Amino acid sequence: MSHEKLIGNIVSKLKKDPYLLWIFIVSLVFSILFTVYSSMAFNLVEMSGWDMGIYMQALSSGISGHLFYSALVPGSYLAEHFSPILFILLIPYYIFPSAYTLIVLQSFAIGFSTLVLYLLSKEILQKIEIIKTGKWLNTSTISFIISMAYIMSPLTESPVFFDFHLMVFLPLFFFLAIYSFMKKQYILNIIFLALIVSLHSTFVSIALMAILFEIFLNRTFMITSIHSPVRSSIYFFISLAILGPYFILAGILKGDIAGVPASVLRIHVSGSAGPTALVIDTFTNPALILHLLVQNYILKLTLLFFAFGGFAFLFVRYPASILTFIPYIIYSMFSTYPSYYTIGYQYTMMFIPMVAVSGAIGIYILIKSQMHKPSFKLQLRIALSVIIVIALLGFSIATPIVSGDTNSNSMYASVSQYGNNTYMNQVIFEHKIANSIPKNATLVTSNNLFPLFGNDLNATAFPFTPDVVINADYYQYLVDNQNSMWSIETANISGTSISLNMLEHEYMASGNYKVYADNYGVIVLERN
């Protein structure tokens, strides 16, 4: 196809759908804003070794021919979380081995998932032959509103608050999987479902929920001729027969990589009651269940309000959509781990894309069931107005770009820090230290400084350091920001509580270390 013909096709599509260009611009602008925000956070040393530092070190390890080693997890990252997508991320990280590579990938994955949601929403709404709702209320306008509500939601922008994580790719892969299914591109559908599973072995459950959701969509929209209950059941159990063994195999491989039997690997519930215990306690200890539910209820209600209110609670019009997000919602609401239900972490990625799709289908059901009634236009306008108002509210008070993050930092606050000479001198000094210490020197530092040394395979961070490497004669360098809370954060090492600050004094008292650099409250010790 010639360039002229290609350009002509693009122009023709834009004339038919001018919102397509607008949503592309919105996706690009938000991607750039997220990149700038996260880059500033990294430059100002506001990211942590957990998780940015872990991914940097794991990918640097992969480039060096090791199996995604990180000092902050037990050996390989794959032994902690089985995420084969790391092999794909090796390609861009090999070309640009930097935190900025991960920042750009994260920002554009979140930003351009908006474009895919727009296309998916249009595909859903176009299943109605004619929407006679007026000049401005058509499929393109409604899809644009849904997409804008999604990208402006504090739940969508939540991971931007927090370093980098593989979960940020989930919305993009989920939208692409459902969209390719709606377009009858079944090979692409399988590929994107596989990519969901590649993010984390436990995401097998999300892939299965997506497949079950597609079965219900097939019944609703008659996408394929295979929509009978029997054939749909066979399709689901075939998927289960494939994904189930994969999950078991992933557990075995994790144990093999970690060098321990799979049966003794820890299941990370991070303070939660745990799925099995939750079911048992519902019948045996209802008082505990009630206590878990009301704990931090303001945070939980805030999350639910922006999640479901942000799409006008339209999921109730299509109950099948509940399958995709209710497992995580239930699990998080009964969790004692605040990150699961607090805006500002990556966990919102596990349900906000599903809620957004349910909003689009809810509008479809509303239009189809009510379009011949006199009150139809009023109902639709009310639903869209609720979506717009909550989107503006959430964007103005609870997103990183405008309001600030959980540590009271925002893009504007970060900009203002550049005018703080003392703070900036400290930051510049920390970057100079990171650049001056020899590459791959054995080094121990604090959690917040660790990303500056993320490509150093011999660096580790306090207080996550395994006790096997705490030794007064082990590290060549110790880097401590004495003004940071991480300097005094303690870890239990061989039955003794010790902080990085205490380790610093122990090193100096040993006589084996000298001061390599000391300024602005940041001290670096070098082994003699």
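Being a predicted model, the structure only gives us computed values, none of them experimental.
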*What side-chain hydrogen bond (donor to acceptor under 3.5 Å, both in side chains) pairs are there with at least one residue in residues 88-107, not counting sequence neighbours?*
T35-S107, N43-Y100, Y93-N455
*Excluding sequence neighbours, so at least two apart, what forms side-chain hydrogen bond (donor to acceptor under 3.5 Å, both in side chains) with S140?*
D17, K122
_Criterion side chain to side chain donor-acceptor pair (under 3.5 Å) against E430, the qualifying member of N425, N448, N481_ = N481
*Close aromatic pair by centroid cut-off 6.0 Å: F24 and F112*: yes
_So, using side-chain hydrogen bond (donor to acceptor under 3.5 Å, both in side chains) as the criterion, who are the partners of D456 when residues are at least two apart?_
none
*Under the 3.5 angstrom rule, does the side chain of S60 hit a backbone N or O of Q57 as a donor-acceptor pair?*
no
_Taking the ring of Y345 and the ring of F161, is the distance between their centroids below 6.0 Å?_
no
_Residue list, side-chain hydrogen bond (donor to acceptor under 3.5 Å, both in side chains) with S180, at least two apart or on another chain_ = none
For residues 303-322, which side-chain N or O atoms pair as donor and acceptor with protein atoms under 3.5 Å away, sequence neighbours left out?
from	atom 1	to	atom 2	distance (Å)
Y318	OH	F216	O	3.1
Y318	OH	T220	OG1	2.7
S321	OG	Y318	O	2.7

*Of the options W50, Y55, F42, which is the one that meets F164 in a ring pair (Phe, Tyr, Trp, His ring centres under 6.0 Å)?*
Y55
_Which label fits F173 and F192: parallel for a plane angle under 30°, tilted from 30 to 60°, or perpendicular past 60°?_
parallel
_Set of salt bridge (Lys or Arg N to Asp or Glu O under 4.0 Å) partners for K183, sequence neighbours left out_ = E123
*Mind checking whether Y520 and F429 have parallel, tilted or perpendicular rings, split at 30° and 60°?*
perpendicular
*Would the F175 and Y150 ring centres measure less than 6.0 Å apart?*
yes
_Pair F68 and F87, ring centroids less than 6.0 Å apart_ = yes
*With rounding to the nearest 0.5 Å, note down the distance linking CG in D51 to NE2 in H165.*
4.5 Å
